[in-house]
Amino acid sequence: MELIFQSTRNAAEKATASEAILKGLASDGGLFVPERIPALDVPLSGLAQMGYKQVAYEVMKLFLTDFSEEELKSCIDRAYDGKFDTEEIAPLREADGVYYLELFHGATIAFKDMALSILPHLLTTAAKKNHAEEEIVILTATSGDTGKAALAGFADVPGTRIIVFYPKDGVSPIQEKQMVTQRGANTAVIGIRGNFDDAQSGVKAMFGNQELAERMKQHGFRFSSANSINIGRLVPQIVYYVYAYTRLLGRGKLAKGELLNVVVPTGNFGNILAAYYAKCAGLPLGKLICASNDNKVLYDFFATGVYDRNREFILTTSPSMDILISSNLERLIYRIAGDDAQKNAELMGRLAAGGVYEITPEMKERLEDFAGGYATAEQTAEAIRSLYEKTGYIIDPHTAVAASVYSDYAKKTGDGTKTIIASTASPYKFTRSVMTAIDAKYGSMEDFALADELSRLSGTGVPRAIEEIRGAQVLHTMVCGREEMQETVEKLLGLQQFINS
């Protein structure tokens with residue numbers, strides 16, 4: 001049965017999976033969601049005997065129903081290959097009584113690789129299926145990790161260009177160097193004088209600009225997105241929760257039907273939403289614990305039912321979570337509103353106009369699957385240090401936010417359910433924050449020397465992604481104001497000349 005997607009803001013706007021992936025964002029500014037969450041149709045015991053690629057196919061076929069078996073398997077095979085440094089793709093590591101789901105073994109050592117390794121293949125396949133003749137322009141805002149993963153995925157992919165905006169002073173030195181040294185004739189990286197929310201708002205505004213879309217069409221271009229607003233990003237993320245559960249089941253760590261809690265460090269809400277979709281599809285997950293940093297807008301939302309972005313934006317040691325407008329939360333709001341696009345559109349209108357909305361008591365009751373928590377920068381550093389001292393295992397600041405939140409949750413609730421923590425980035429991506437958390441003496445060392453010392457402490461090799469940028473040439477130096485984003489895109493695509501002619 002074909003699964004149709006519709007906009008969270010207009011029930012009349014519908015699309016097939018391939019159309020939704022190609023568009024990225026609905027024309028009304030809403031996000032595409034499946035009309036129903038399909039149920040897993042292979043027993044978990046059967047999935048436990050499969051490798052990552054096979055599990056990926058069994059999960060993704062349920063959502064991407066207009067892709068043929070051959071098309072989908074081809075996309076999966078090309079995505080999960082030698083770019084990953086382990087055949088498991090997403091291994092589990094037990095430490096201090098919980099399981100860390102390591103999602104950072106791809107080309108850019110962050111969890112975004114899990115979806116952005118396959119999105120270019122899904123997108124180009126979708127373009128062929130829908131006879132799209134225009135060159136696809138991937139327009140993306142990043143808080144640090146999406147940008148590099150998207151650049152790596154789309155670099156020199158025929159029929160595409162990719163333009164990435166990032167907050168110039170809001171990412172780690174390693175994250176920035178990964179992006180600005182990216183090769184590829186079709187790539188562009190621009191720092192903006194502003195924060196991630198500014199970048200994301202600017203990108204969304206361009207997606208919603210019909211006059212710009214028409215001029216682009218005349219020049220043979222069309223926008224699509226590599227952010228998690230694209231359903232082609234979200235569906236592959238469901239896979240690794242199913243994979244993780246079935247690994248534990250297959251190893252006898254979980255009994256049949258036993259619940260498993262999941263802790264996810266998140267700012268844009270896509271990663272934890274994927275876990276929620278997995279639960280809705282029949283995976284026996286317990287609490288979905290949403291871990292925030294000092295930018296605790298999501299924690300406050302789950303505590304009060306009020307979403308309020310009107311607050312100070314704080315730069316933290318977990319920059320990929322430095323977000324006050326959590327785009328993917330809209331997909332959850334739509335669902336707890338009873339799949340009511342009109343109600344969701346009203347709430348999103350309030351967010352756009354005043355920066356705040358409040359859900360109804362009935363909607364708040366439907367959030368019972370979730371728990372929220374947050375960790376300060378000091379608590380994050382303490383989580384890194386204490387885990388290392390107890391076990392020798394070293395985690396990055398984002399994962400440490402989740403570890404700290406989980407520790408508080410377990411103490412407060414007494415919930416002894418087995419738990420996985422989504423480990424979303426390699427500690428090598430945030431060497432300075434990680435190493436100074438372990439010992440302040442490392443503060444005077446330069447970044448790549450810190451990577452070598454981290455390797456010595458952890459007993460792990462320095463990842464290829466870090467070695468590649470040690471002496472890499474900076475290729476992207478462009479910086480613009482947040483109000484200049486559209487003008488910059490028009491210049492890159494040659495549209496400014498068209499305007500002035």
Side-chain angles (χ1 to χ4, degrees), residues 109-112 140-149 164-180 189-203 227 264-271 290-301 307-327 355 373-385 395-405 424-438 440 442-443 446-447 450 479-483 485:
I109 57 176
F111 84 98
K112 307 297 175 71
T140 289
T142 184
S143 55
D145 288 335
T146 287
K148 174 59 182 178
V164 170
F165 287 96
Y166 74 97
K168 182 70 180 76
D169 298 313
V171 301
S172 80
I174 296 290
Q175 285 177 312
E176 182 172 42
K177 189 153 190 191
Q178 280 188 304
M179 287 189 284
V180 299
V189 180
I190 303 107
I192 72 156
R193 292 183 285 271
N195 59 41
F196 169 74
D197 289 330
D198 296 324
Q200 183 168 249
S201 296
V203 165
N227 282 92
V264 185
T266 188
N268 218 16
F269 205 73
N271 203 1
C290 179
S292 299
N293 63 15
D294 283 305
N295 293 295
K296 58 188 182 71
V297 64
L298 286 169
Y299 166 77
D300 291 340
F301 168 73
Y307 192 96
D308 186 356
R309 65 172 172 82
N310 299 313
R311 61 184 71 203
E312 180 188 1
F313 184 94
I314 302 170
L315 292 174
T316 74
T317 55
S318 47
S320 296
M321 297 162 62
D322 290 346
I323 295 170
L324 295 180
I325 304 174
S326 303
S327 291
Y374 76 96
T376 64
E378 293 75 18
Q379 290 168 325
T380 301
E382 174 57 28
I384 294 171
R385 180 170 50 253
I395 55 177
D396 91 292
H398 304 76
T399 308
V401 167
S404 179
V405 166
T424 53
S426 167
Y428 287 93
K429 203 153 191 171
F430 303 93
T431 50
R432 185 159 303 281
S433 297
V434 169
M435 295 301 288
T436 54
I438 291 172
Y442 293 117
E446 63 92 23
D447 290 305
L450 286 171
V479 178
C480 74
R482 57 191 177 186
E483 70 286 347
M485 289 173 62

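Between Lys112 and Ala149, the shortest heavy-atom contact is CB-CB, 3.7 Å. What you find for Thr431 and Leu450 is that their closest heavy atoms are CB-CB, 3.9 Å. Annotation for Ser404 and Gln379: closest pair OG-CB, 3.7 Å, computed over non-hydrogen atoms. Smallest separation of non-hydrogen atoms from Gly147 and Val164: CA-CG1, 3.8 Å. Scanning both residues, Ala383 and Ala400, for their nearest heavy atoms gives CB-O, 3.6 Å. For the residue pair Thr146 and Asn227, the shortest heavy atom distance occurs at CG2-ND2, 4.4 Å.
Without hydrogens or angle criteria, His398 side chain to Ala425 main chain gives no donor-acceptor distance under 3.5 Å. Within the 3.5 Å criterion, the main-chain N or O of Ile323 finds no donor-acceptor partner in the side chain of Asn295. No donor-acceptor distance shorter than 3.5 angstrom exists from the side chain of Tyr374 to the backbone of Asp300, with no hydrogens or angles considered. Judged by distance alone, the side chain of Arg432 and the main-chain N or O of Gly443 form a donor-acceptor pair under 3.5 Å. When atom types are taken as modelled, the side chain of Thr399 and the backbone of Thr424 share a donor-acceptor pair closer than 3.5 angstrom.
Val297 places a side-chain heavy atom less than 4.5 Å from the side chain of Tyr307. Considering only heavy atoms from C-beta on, Pro319 stays 4.5 Å or farther from Phe196 through its side chain. Between Ser292 and Val401, every side-chain heavy-atom pair lies at or beyond the 4.5 Å cut-off. Under the 4.5 Å side-chain criterion, counting only non-hydrogen atoms from C-beta, Ile438 is in contact with Ile384.
In this structure Tyr442 satisfies the ring-ring contact (aromatic ring centres under 6.0 Å, His included) test with no other residue, sequence neighbours excluded. Residues passing the side chain to side chain donor-acceptor pair (under 3.5 Å) test with Asn195: none are found, sequence neighbours excluded.
More than 12 heavy atoms of other shown residues, nucleotides or ligands fall within 6.0 angstrom of atom CZ in Phe269.
A salt bridge links Lys429 and Asp145; the closest N-O separation between the charged side-chain nitrogens and carboxylate oxygens is under 4.0 Å.
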- request: Go through Val189 and Tyr166 one step at a time and tell me if the side chain to side chain contact (heavy atoms under 4.5 Å, CB included) criterion holds.
  value: CA-CA 8 Å; Val189 180; Tyr166 74 97; 3.7 Å; yes
task: Just do the side chain to side chain contact (heavy atoms under 4.5 Å, CB included) check on Cys480 and Met485 with the steps written out, would you?
output: CA-CA 7 Å; Cys480 74; Met485 289 173 62; 4.2 Å; yes
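How far CZ of Phe165 is from CE of Met179: 12.5 Å, rounded to the nearest 0.5 Å. The CZ atom of Phe313 sits 5.5 Å away from the CG atom of Asp197 when rounded to the nearest 0.5 Å. Rounding to the nearest 0.5 Å places CD1 of Ile174 at 10.0 Å from OG of Ser426.
The side chain to side chain contact (heavy atoms under 4.5 Å, CB included) test with Arg193 is passed by exactly one of Asp169, Asp198, Val479: Val479. Exactly one of Glu312, Gln200, Lys296, Arg309 qualifies for a side chain to side chain contact (heavy atoms under 4.5 Å, CB included) with Leu324. That residue is Arg309. Remark: of the listed residues Ile314, Leu298, Thr317, Asp322, Asp322 is the sole one forming a side chain to side chain contact (heavy atoms under 4.5 Å, CB included) with Asn293.
In the model, Asp294 has no side-chain atom that pairs as donor or acceptor with a side-chain atom of Thr316 under 3.5 Å. The closest side-chain donor-acceptor pair between Gln175 and Thr142, if any, does not fall under 3.5 angstrom.
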